[in-house]
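Everything below concerns the one structure shown next.
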Amino acid sequence: MASSSKQTLDIKLEFGGGTELLLAPPRNKKQRISLPARADPATLHKTLRQQPVVTMPADEGAANGVSSSSAKEAGPADMRFLVQWIRNHLIVEREELFVNTDGEGVRPGILVLINDADWELEGELDYELQDGDEVCFISTLHGG
Amino acid sequence: MASSSKQTLDIKLEFGGGTELLLAPPRNKKQRISLPARADPATLHKTLRQQPVVTMPADEGAANGVSSSSAKEAGPADMRFLVQWIRNHLIVEREELFVNTDGEGVRPGILVLINDADWELEGELDYELQDGDEVCFISTLHGG
Amino acid sequence: TKIDSLPLTPSEYQRYGRQMILPGFGGLPAQLILKRSRVLVVGAGGLGCPAVQYLALGGVGHITVVDHDVVERSNLARQCLHTEKRIGMSKAESIRVAVEALNPHVTLAPITQQFTASNALPLVSSHDLVLDCTDNPLTRYLINDAAVLCGKAVVSGAAQGLEGQLVVLHRELYDINGAGSSGRGPCYRCLFPVAPRPQDVTDCSEGGVLGTITGLVGTLQANETIKLLLEGLHRSADGNGEGSPSPPTPTMLLASPMSVASSTLFRSIKLRPRRTDCRVCGDETALTAKGLRRISSLEEEDYISFCGLATL
Amino acid sequence: TKIDSLPLTPSEYQRYGRQMILPGFGGLPAQLILKRSRVLVVGAGGLGCPAVQYLALGGVGHITVVDHDVVERSNLARQCLHTEKRIGMSKAESIRVAVEALNPHVTLAPITQQFTASNALPLVSSHDLVLDCTDNPLTRYLINDAAVLCGKAVVSGAAQGLEGQLVVLHRELYDINGAGSSGRGPCYRCLFPVAPRPQDVTDCSEGGVLGTITGLVGTLQANETIKLLLEGLHRSADGNGEGSPSPPTPTMLLASPMSVASSTLFRSIKLRPRRTDCRVCGDETALTAKGLRRISSLEEEDYISFCGLATL
Ligand SMILES: [Zn+2]
Ligand SMILES: [Zn+2]
């Protein structure tokens, strides 16, 4: 709770191609979140779902996220962490339409973009998020 | 001639909607120029046309431009200066299709954009150019 | 009443079903708004054809097309609603024939006269908005001035060579609270107070144009029109994020889809706001202060001199 | 010979004149390349209609359209080449009728069968490139695999809801010196090595789609096709800046033209390069190292299981 704003990353999220339909209403396609800069595993605990966060003000993110800076296994916030964070904080139903069956990645058919580039160019799950990054989740379309 | 690179501004130019047809071949729609940071009036002299510059390397711009930093009337490079610079260095024929009849502005029907915004939002001819600015000259289209 | 309980025929329900179920479109209320809309399309060429095509397919109920030209073979590489067999027919009439086959549920009213200072106001005032699909500056200023005098927006498209431009003129702006209109965006005269000289104007017959470019811009004009017609509905809906437009900064879309650089295929540029001393949409005080006369009658304006065409 | 001295008929000169004079198009040589091109369009629906429309108008000489569906009324709000009167007719045949009226100088070959593992290779190999205008992942993988096996590029479009996507797959890349091909961009399997589960796939009949979106994407597919067909000509020309493409970074265009935010109307995203261990376009060494079997016969591939459709 004593976290300073330096312990959070300002991340712009965007959802498209239908992935926005998995979010809590009003299903904003564009959201700005404050992500803890250190990926404390406790953050990912499902009980945090009690506090649904739709568009987080900067300090609320910090309060939610960094419960203890001395927690073991905490590392820089990477895409692996962000995917879990979104699953726990933003997705309200049918999370299997967002995450992979292994629970770690993103389901087949969702393009993940980090600053408008395919995340496979950036290291995928291992990419360490930077303050100001823009991350998009776009479902590929099949219609014609 | 003793100018350092700090005395030049790196400006991205773009020409579209047909204005690129007024340029010297190969009529590159996108060009990167080094503009003297101080608008020395001598720079604008037509005799400089002897040295046509299509896509200027960084130091050539400085050499061409800043003949003397003590020249009177020198001020920060503004859009008025850039329009003249383009007229003298890039336009090879029919310059009346680019500049206004008053010789200072740009002819009616050309949209001027500074960093993707109408230059009227930025002060038009009086706008002082910043290093890295992107300036576009786009002729309005009338066809259908 | 019976009409209210079944506002569309079963055939219309079948036809429009796929768009009515679309989240963000607006369902039956949106379809009914389109059905009751009246749209004026000036120009039945490279832009007018695809624009009318998608307006008619989408179910815009009444479309008036104004064009005094006849179909020529040189039009056929881009003007998608005309055919080899209809060479020599009025373009407006040719579009009527095409639309009849595409969607019998919409009315296409062909006007085979030129759009002039004399007929501009009655034409514009009897429609909800105007699509500028013309090919010359004089008509563009005329459409603009008529639209401003009638309080209508103009969905203006242009295509030439390998480039296209799209802008909505004189559009109503809404403040972020949705509390109502907060004025209008710039009109064509705000953006271009001085007409280009005739020698600076190239048209498609001199400079050439590619069909996919006019097709793209015309389709986007239809899209923008549908967006504008449904704007009120979407603004009043509590919405899903798509449904509540923020105040649109006036922008122009530049399209260069033949470019090899992906960064310049499409670009939105920020435009200046309305000019308070604009001769057609400006404020009385600003005009008086500058000694400018407001345009109040199109027939009293000398568009020919304004466009530098008097001595040609 | 006589044919060489007048390679187009006077009627064709009249028709294509406006695009042949266009700086950056390529004049008569470009028009002749289009005339001699053979393009395969899989899918005669919302994307196939506008794509074929502008390919035919532009003078692409031979267009084969594959679709086993028949025209239904629910198609007509977006599928611009079909008409009320042709409800019940095969879509491929309906497109043939439409194109005959639009441009008698091009050949439209309708194939009223499904595109399958059995007919994919002969169909793809006899054309210069393929437009993917289909509506399901299975056919998208099949088109991709056939195109890679035949060494052809795929101009792939998709539209759903209020969004569209466009990407050229397996395209030849050229190094900046124009010294020749420097390999290929990613294919569909490079981008999506694992198929989406059926429950994650919505199609237009469930999710809905708007006609202006399919119109936009289909028109852009035609545009991209013309760009690709003329790429060799433009690369060899000393050019005017338009004429010498730099090596294209693989990109995908995302279109949300109904969005109110002008910054997201169109966006080009950078894609990953070709996957060396891609099962269809990968390198032998990388595949062997990973113990993967290269796809060499479409009929031996189990597309139904791959797309998770076996148990449905
Ligand atoms: Zn105005
Ligand atoms: Zn591949």
Side-chain angles (χ1 to χ4, degrees), chain A residues 12-23 26-32 55 79 87 91 93-127 133-144, chain D residues 42-48 132-140 156-161 163-165 167 186 188 190-197 199-209 213-214 217-218 249-252 254 256 259 261 263-264 267-273 275 308:
Chain A
K12 283 179 230 155
L13 295 182
E14 191 175 334
F15 299 87
T19 59
E20 73 278 13
L21 300 176
L22 307 174
L23 304 172
R27 302 193 172 93
N28 283 323
K29 288 183 149 190
K30 293 190 165 205
Q31 313 203 8
R32 232 191 168 94
T55 305
M79 284 298 294
R87 171 195 191 167
I91 308 275
E93 45 175 341
R94 296 179 299 161
E95 63 181 40
E96 71 280 6
L97 295 188
F98 187 74
V99 294
N100 220 333
T101 41
D102 67 9
E104 211 185 44
V106 167
R107 75 150 170 87
I110 293 184
L111 266 177
V112 184
L113 307 173
I114 300 170
N115 300 322
D116 276 350
D118 191 329
W119 72 335
E120 307 203 31
L121 295 167
E122 308 292 341
E124 265 187 277
L125 288 166
D126 295 326
Y127 173 79
D133 273 350
E134 197 181 323
V135 180
C136 304
F137 299 89
I138 309 229
S139 181
T140 31
L141 307 178
H142 304 98
Chain D
V42 187
L47 300 173
D132 184 342
C133 300
T134 59
D135 61 0
N136 67 85
L138 192 152
T139 314
R140 289 185 182 271
S156 174
Q160 223 163 294
E163 295 180 44
Q165 293 172 351
V167 60
Y188 198 67
C190 292
L191 300 177
F192 309 109
V194 180
R197 296 161 299 191
Q199 62 269 33
D200 298 340
V201 176
T202 37
D203 67 16
C204 298
S205 60
E206 297 164 51
V209 68
I213 311 289
T214 51
V217 176
T249 312
T251 52
M252 180 185 280
L254 309 179
S256 296
S259 165
S263 62
T264 53
R267 198 158 60 178
S268 282
I269 59 170
K270 287 191 215 65
L271 296 175
R272 52 159 301 137
R275 217 178 259 274

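Residue numbers begin at 1 in each chain, while the letters A, B, ... track the order of the sequences.
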Begin from the C-alpha positions of T264(D) and K29(A) and carry the test side-chain contact (heavy atoms from CB on, under 4.5 Å) through to its verdict. CA-CA 11 Å; T264(D) 53; K29(A) 288 183 149 190; over 6 Å; no

Side chain from CB out, backbone as N, CA, C, O: work out which of these in [X] comes under 4.5 Å of a heavy atom of chain A, or both, or neither.
X	answer
R140(D)	side chain
T139(D)	neither
L254(D)	side chain

Closest approach of A117(A) to L121(A) (non-hydrogen atoms, all atoms of both residues):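 In this case the closest contact between A117(A) and L121(A) is CB-CD1, 4.0 Å.
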
Between the side chain of D116(A) and the main-chain N/O of I269(D), is any donor-acceptor distance below 3.5 Å?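 Judged by distance alone, no pair lies under 3.5 Å.
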
Engaged part of [X] at the chain D interface, taking heavy atoms whose separation is under 4.5 Å:
X	value
L113(A)	side chain
E122(A)	neither
T140(A)	both
I138(A)	side chain

Can we say R275(D) and E120(A) salt-bridge, meaning some charged N sits less than 4.0 Å from an Asp/Glu carboxylate O?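 Yes.
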
Begin with the C-alpha distance, continue with both residues' side-chain angles, and end with the deciding distance and a verdict on side-chain contact (heavy atoms from CB on, under 4.5 Å) for N28(A) and L23(A). CA-CA 8 Å; N28(A) 283 323; L23(A) 304 172; 5.9 Å; no

Report the relative orientation of the aromatic rings in F137(A) and F15(A); use parallel for angles under 30°, tilted for 30 to 60°, perpendicular for over 60°.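 The arrangement is parallel - the two ring planes meet at less than 30°.
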
